[in-house]
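In what follows, a structure is listed as structure tokens, so that the remarks can point back to it.
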Amino acid sequence: MAGFTAAVCAVFAFAVPAQAAAAVHYVALGDSYSSGVGAGSYTSESGSCKRSTNAYPALWAAAKAPTSYKFVACSGATTTSVINSQLSALSSTTTLVSITVGGNDVGFANIMTTCVLYGTNECVAAVQAAQVKAQNELPGLLDKVYNGIKSRAPSAKVVVLSYPVFYELGRVCVGLSETSRAKINEGINLVDNVIKQAVARHGFKFADVRSIFVGHQLCSGDKWLHALNFADIGISYHPFASGQSLGYLPVFRTAAG
């Protein structure tokens, strides 16, 4: 009997943690890189937020079947709109959060418009102005978002993903000058590093997609990003479905555990 009792106890000792580990309550926050702009297959309920079934949060949820899943990322989201419109999806039962945010706060879209329409000097100046803003203002804005996440979901693992660097340099490439492309890359790296430092301050997980996109950037032979698209400006410089599934998804999957 003693042996039987010990065996039963051993079974329960392993069964209970396994059952608890299966209860994953996932909330996907963020901007267009999380909603999946450029990846197609947008859900009708998401409207102008353009949440895609090909976006990394949807792909992860489809594969992992979490206990609950809320996808509230939205195209055009800033740190302020995440706080005002998305954090309400979190609760004390949330166990996993993903987010991309910060690019719209420094004006990614306006910078790329300037670079395309006005040439190298204006492009470099626009990126430089955004870099100053990223260094001086973005840390405080990110702190507000991350504090809000921690307050509403104190027990959650929070995964903050970076932005891909847009251009493969040193290649013959139509469009922007090499100087403009290099400056844009420099600006993205600076924003990503500001985000990385903010993530570290809050004890969250930084999931960096920059290295996995190397070889699949604009000007490469196998790109995962849309180039400038005048027919659909909104998808420009956003990942294809392949960029979500082969770039963002594996990086998030590793970070989420």
Side-chain angles (χ1 to χ4, degrees), residues 24 26-66 69-77 82 86 89 96-104 108-109 112 116 159-168 171 173-175 181 184-185 188 191-192 195 206-257:
V24 176
Y26 172 38
V27 179
L29 310 170
D31 57 23
S32 53
Y33 285 78
S34 288
S35 72
V37 169
S41 187
Y42 307 117
T43 61
S44 58
E45 56 77 29
S46 66
S48 61
C49 285
K50 293 190 173 180
R51 288 186 281 270
S52 170
T53 59
N54 294 321
Y56 75 85
L59 296 174
W60 188 91
K64 297 292 186 177
Y69 166 54
K70 296 179 182 179
F71 189 13
V72 296
C74 188
S75 175
V82 166
Q86 297 184 24
L96 178 64
V97 176
S98 64
I99 185 169
T100 55
V101 74
N104 290 318
F108 267 4
M112 296 311 299
V116 168
V159 179
V160 181
L161 295 98
S162 72
Y163 298 101
V165 174
F166 289 169
Y167 293 101
E168 182 173 326
R171 300 283 294 269
C173 191
V174 298
R181 294 196 297 267
I184 291 166
N185 284 1
I188 295 170
V191 168
D192 279 339
I195 293 170
F206 183 65
D208 198 340
V209 303
R210 285 176 287 184
S211 62
I212 200 169
F213 270 83
V214 171
H216 304 286
Q217 298 151 297
L218 297 178
C219 304
S220 73
D222 180 23
K223 64 180 185 290
W224 290 348
L225 293 165
H226 290 275
L228 176 66
N229 186 326
F230 284 109
D232 188 355
I233 289 293
I235 68 172
S236 303
Y237 310 108
H238 284 81
F240 295 132
S242 58
Q244 290 283 343
S245 64
L246 300 176
Y248 270 92
L249 177 61
V251 173
F252 175 61
R253 186 170 56 223
T254 298

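Side chains are part of it too, since the values below use all heavy atoms of this structure and drop only hydrogens, waters and symmetry mates.
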**Request:** Report the C-alpha separation of Phe108 and Asp31 in whole Å, then their side-chain angles, then the decisive distance to 0.1 Å, and conclude whether the side chain to side chain contact (heavy atoms under 4.5 Å, CB included) test is met.
**Result:** CA-CA 12 Å; Phe108 267 4; Asp31 57 23; over 6 Å; no
**Message:** Whether the side chain of Asp192 engages the backbone of Tyr163 through a donor-acceptor N/O pair (distance < 3.5 Å, no angle test) should be reported.
**Reply:** yes
**Asked** Given Lys64 and Val24, is the side chain to side chain contact (heavy atoms under 4.5 Å, CB included) satisfied, shown in steps?
**Response** CA-CA 9 Å; Lys64 297 292 186 177; Val24 176; over 6 Å; no
For residues 228-240, please give each side-chain donor-acceptor pair under 3.5 Å, one per line with the distance, not counting sequence neighbours.
from, atom 1, to, atom 2, distance (Å)
Asn229, OD1, Ala231, N, 2.9
Asn229, OD1, Asp232, N, 3.0
Ser236, OG, Asn229, N, 2.9
Ser236, OG, Ile233, O, 3.0
His238, ND1, Gly234, O, 3.3
His238, ND1, Ser236, O, 2.9
His238, NE2, Ser32, OG, 2.7

Looking only at heavy atoms, which two atoms of [X] and [Y] are closest? And how far apart?
| X | Y | value |
| --- | --- | --- |
| Ala28 | Pro57 | CB-CB, 3.5 Å |
| Thr53 | Leu59 | O-CD2, 3.7 Å |
| Gly243 | Phe213 | O-CZ, 3.6 Å |
| Tyr42 | Gly36 | CE2-O, 3.5 Å |
| Val37 | Lys50 | CG2-CB, 3.9 Å |

Please report, to 0.1 Å, the donor-acceptor pairs under 3.5 Å made by any side chain of residues 248-257, with sequence neighbours excluded.
from, atom 1, to, atom 2, distance (Å)
Tyr248, OH, Ser162, O, 2.7
Thr254, OG1, Pro250, O, 3.0

**Message:** Salt bridge check, Glu168 against Lys223: does any charged N sit closer than 4.0 Å to a carboxylate O?
**Reply:** no
Side chain to side chain donor-acceptor pair (under 3.5 Å) with [X]: which residues, sequence neighbours excluded?
| X | result |
| --- | --- |
| Tyr26 | Ser98 |
| Tyr69 | none |
| Tyr56 | Ser34 |

**Message:** Please evaluate residues Leu29 and Val101 with respect to the criterion side chain to side chain contact (heavy atoms under 4.5 Å, CB included), reporting the C-alpha separation (whole Å), side-chain torsions for both, the decisive distance (0.1 Å), and the verdict.
**Reply:** CA-CA 9 Å; Leu29 310 170; Val101 74; over 6 Å; no
Just how far is it from atom [atom1] of [X] to atom [atom2] of [Y], taken to the nearest 0.5 Å?
| X | Y | atom1 | atom2 | value |
| --- | --- | --- | --- | --- |
| Phe166 | Ile188 | CZ | CD1 | 4.0 Å |
| Gln244 | Asn54 | CD | CG | 8.0 Å |
| His216 | Leu246 | NE2 | CG | 7.5 Å |

**Complete:** Contacts satisfying disulfide bond (SG atoms under 2.5 Å apart) that involve residues 228-257 (not counting sequence neighbours) are none
**Heavy-atom check, side chain of Gln217 versus side chain of Pro164, under 4.5 Å** = no
**Message:** Working note: Tyr33 + Leu161, criterion side chain to side chain contact (heavy atoms under 4.5 Å, CB included); need CA distance, chi angles, decisive distance, verdict.
**Reply:** CA-CA 9 Å; Tyr33 285 78; Leu161 295 98; over 6 Å; no
**Prompt:** Without hydrogens or angle criteria, can the side chains of Ser75 and Ser35 be said to hold a donor-acceptor pair below 3.5 Å?
**Reply:** no
